[in-house]
Amino acid sequence: MALLFIDADMPELPEVEVTRLSFADRIASATISDIRVGKPLRWPLGIAPKTLIGRQVLGVRRRGKYLLMDLNKGLILWHLGMSGSLSFSADGLITNELPQAHDHFDLFTTQGLLRLNDPRRFGAVVYTDSEASVMAQKLLGRLGVEPLGDEFDLNNFHKNLKQRSTAIKNVLLAGDIVVGVGNIYASEALFLAGIRPTVRSNRISRARAEKLRSAIVSVLTRAVIKGGSTLRDFSNADGQTGYFQLEANVYDRAGQPCNKCSGLIKRIVQGQRATYFCARCQKP
DNA sequence: CACGGATCCTGATGGC
DNA sequence: TGCCATCAGGATCCGT
C-alpha cells in the first residue's frame, strides 16, 4: 500500500482533522507492537514506551488541535505543534523505514506505522490513563467549544466575547472561548466577518458576533472539505506531497490588492504574531 | 483572573 | 559563498 502523507505544515484545526481522517479507520483495532522515541518533544511520553506494547487502538478522536487515540487501556494525546505532521504507512509494518532527521516518534502497530515528523519539536505525544487525569486536564481542561459543533452558539459566544477586553484576534487565538482557530484562519475569519482584528472583544455587537461566528464555521468547514478532497487525491497518487490550504483573502498578502475592494492588504503584529487585514473592508 | 511577553526548537529566507 | 538577523502554522508559563 502506498504511503499516505499529509502535509500538515500548517496544523490548524482543519489540518488536524484531515490528518485524523487520513488514518483513523486504518489504525482502528490495531495492536501496538513497538514504539520508537526520537529526540524529546514538548513533553515526555509519561510512561515507559514498552509498557504500551500489546495494547489495542480503539479509535482516534479530535479535540481542538489534539488527537486523542483511545486504547483498550488509557489514551495517547497527539499534538502537532507548529511544524508537526503524521504519516501512516501500512508498509512500515514490515519494512524498515529508517527514521529521517525529524522523525521523533514511531508507533508500530499490527496494521501499520504511525510516524510523527516535527522539525521544531513543539509537538507532543503524551500517554495518560484517563481523560480526567491531571496531565490530560492540564492539556485539555481549558479548551473552548468546538467550532464545528452545536455548542458553538451565538448566545455563549457573544457572552464570552463580552468578558474580554483585548483585541478580538488575540481572543480567537487564545482558544479558551472557541478552539481550533489558528493564526491563518483568525485573519481569514475576521476578513469574512468584516471586523478589524484590533477591535476589542467586549465592544463587538451581537450582530457582528454572529457574523464572526458564521465566518469561523464557514472558513474551517471549507478547509476541512478541501483537505478531504485533497486526501482522496493523495490516496490515489503515489508519493505526491501537497498543500491543501484554501486561497487566502488576506493571510500573507501584505501589499497585495484586496479581493473585494482592491485596497492594499495590511500587516500588523499582535501578540508577536502577524495579522493581515483590509482596512477598508474590515471596520473598527 | 485577564493580560502581555518570553519561551521551547529548527529551517527558510533575505540583506549585506 | 558566508554570515547574521528575522520570521514561521502553537500554546504554556510567568510576572504583573
Side-chain angles (χ1 to χ4, degrees), chain A residues 6-19 38-44 46 62-67 77-86 99-105 116-126 134-144 147 159-190 197-203 216 219-220 223-224 226-227 230 241-255 267-276:
Chain A
I6 300 306
D7 188 345
D9 197 22
M10 37 170 299
E12 299 193 26
L13 182 144
E15 292 71 30
V16 176
E17 176 62 9
V18 171
T19 296
K39 282 190 181 181
L41 295 164
R42 180 159 195 175
W43 295 292
R62 182 188 55 74
R63 178 73 179 97
K65 295 171 192 167
Y66 285 91
L67 291 178
L77 308 179
W78 302 73
H79 197 289
L80 301 179
M82 261 176 143
S83 59
S85 61
L86 286 171
Q100 303 299 301
H102 304 300
D103 292 337
H104 296 308
F105 196 94
L116 174 68
N117 179 277
D118 187 3
R120 292 177 71 182
R121 293 194 278 127
F122 291 170
V125 184
V126 175
V134 172
M135 187 60 184
Q137 281 306 300
K138 175 181 142 189
L139 300 181
L140 307 173
R142 310 189 75 177
L143 296 183
K159 185 176 72 186
N160 287 329
L161 291 186
K162 283 194 290 192
Q163 316 275 116
R164 311 288 287 273
S165 59
T166 194
I168 183 60
K169 158 77 174 347
N170 294 338
V171 169
L172 292 180
L173 274 189
D176 49 0
I177 292 179
V178 57
V179 295
V181 184
N183 203 41
I184 296 175
Y185 295 123
S187 283
E188 293 299 314
L190 287 164
T198 49
V199 173
R200 285 168 177 269
S201 179
N202 58 9
R203 295 188 47 215
I216 290 168
V219 72
L220 295 181
V224 171
K226 181 78 178 287
T230 307
T241 64
Y243 218 64
F244 54 82
Q245 184 176 8
L246 288 182
E247 296 208 355
N249 280 302
V250 290
Y251 185 80
D252 204 22
R253 295 197 62 232
R267 177 191 192 275
I268 60 174
V269 173
Q270 294 179 285
Q272 302 150 252
R273 312 293 300 279
T275 300
Y276 300 85

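Here is the naming used below: chain letters follow the sequence lines, and residue numbers restart at 1 for every chain. Note: hydrogens, waters and symmetry copies are ignored here, and every other heavy atom, side chains too, is used.
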Ignoring backbone atoms, establish whether A:R273 has a side-chain N or O less than 4.0 Å from OP1 or OP2 of C:dG10.
-> yes

Give the minimum heavy-atom separation between A:S83 and A:P119, together with the two atoms involved.
-> O-CD, 3.3 Å

Please check the phosphate of C:dC13 (OP1 and OP2 only) for any side-chain N or O of A:K138 closer than 4.0 Å.
-> yes

A:Q272 CD to C:dC7 P: how many Å, rounded?
-> 11 Å

Please tell me which of the listed nucleotides, B:dG4, B:dT7, C:dA8, lies nearest to the side chain of A:N170?
-> B:dG4

Is any side-chain heavy atom of A:E188 closer than 4.5 Å to a side-chain heavy atom of A:N249?
-> yes

Euclidean distance, atom CG of residue A:D118 to atom C1' of C:dG10 [Å, nearest integer] = 10 Å

Proximity to the side chain of A:Y276 - top-ranked nucleotide from C:dA8, C:dT12, C:dA11 = C:dA8

Rounding to the closest angstrom, what is the interatomic distance between C:dA11 and B:dA12 at atom P?
-> 23 Å

By the Watson-Crick or G-U definition, both distances under 3.5 Å, C:dT12 is matched with B:dA6

Figure out the CD/P separation between A:Q100 and B:dG11, and round it to whole Å.
-> 13 Å

Separation of atom CD1 in A:I168 from atom P in B:dG4, rounded to whole Å = 13 Å

Residue A:S165, side-chain heavy atoms: nucleotide from C:dA8, C:dG10, B:dA2 that is nearest = B:dA2

Look at A:T166 and B:dG4 and indicate whether a side-chain polar atom (N or O) is within less than 4.0 Å of OP1 or OP2.
-> yes

Under-4.0 Å side-chain N/O to phosphate OP1/OP2 contact, A:Y185 with C:dG9 | no

Report yes if at least one side-chain N or O of A:R120 is closer than 4.0 Å to OP1 or OP2 of B:dG11; otherwise report no.
-> no

Identify whether any heavy atom of A:G271 sits under 4.0 Å from a base atom; if not, whether one sits that close to sugar-phosphate; answer base, sugar-phosphate or nothing.
-> nothing

Check against side chain to side chain contact (heavy atoms under 4.5 Å, CB included), A:L77 and A:R63 | CA-CA 10 Å; A:L77 308 179; A:R63 178 73 179 97; over 6 Å; no

Answer whether the closest heavy-atom distance between the side chains of A:Q100 and A:H102 falls below 4.5 Å.
-> no

So do the side chains of A:Y185 and A:I216 get within less than 4.5 Å of each other, counting heavy atoms only?
-> no

What does A:Q163 touch in the nucleic acid at a heavy-atom separation under 4.0 angstrom: a base, only the sugar-phosphate, or nothing?
-> nothing

Measure from CG on A:D252 to P on C:dG9 and round the result to the nearest Å.
-> 9 Å

Which residues satisfy the salt bridge (Lys or Arg N to Asp or Glu O under 4.0 Å) test with A:R164, sequence neighbours excluded?
-> A:D176

Determine whether A:L190 and A:T275 make a side-chain contact, defined as any pair of heavy atoms from C-beta on separated by less than 4.5 Å.
-> no

Below 4.0 angstrom from OP1 or OP2 of C:dA11, is there any side-chain N or O of A:H79?
-> yes

Hey, does A:A274 reach any base, or is it just sugar-phosphate, or nothing, if we go heavy atoms under 4.0 Å?
-> sugar-phosphate

Candidate nucleotides C:dG9, C:dG10, B:dT7, ranked by approach to the side chain of A:R42 - the nearest = C:dG10

The residue, A:A167 or A:K39, whose nearest nucleotide of DNA chain B is more 5′ is A:A167

For atom P, what is the distance between C:dC7 and B:dG5, given to the nearest Å?
-> 15 Å

Please give, in whole Å, the distance from B:dT10 P to A:H104 NE2?
-> 8 Å

Look at all strands and tell whether A:R164 reaches a base, only sugar-phosphate, or nothing, counting heavy atoms closer than 4.0 Å.
-> sugar-phosphate

Out of B:dG11, C:dC7, C:dA11, which nucleotide sits closest to the side chain of A:R267?
-> C:dC7

Please give, in whole Å, the distance from C:dA8 C1' to A:L173 CG?
-> 14 Å

In whole angstrom, give the distance that lies between atom NZ of A:K162 and atom P of B:dA2.
-> 16 Å

Ring of A:F122 versus six-membered ring of C:dG10: centres under 5.5 Å and planes under 30°?
-> yes

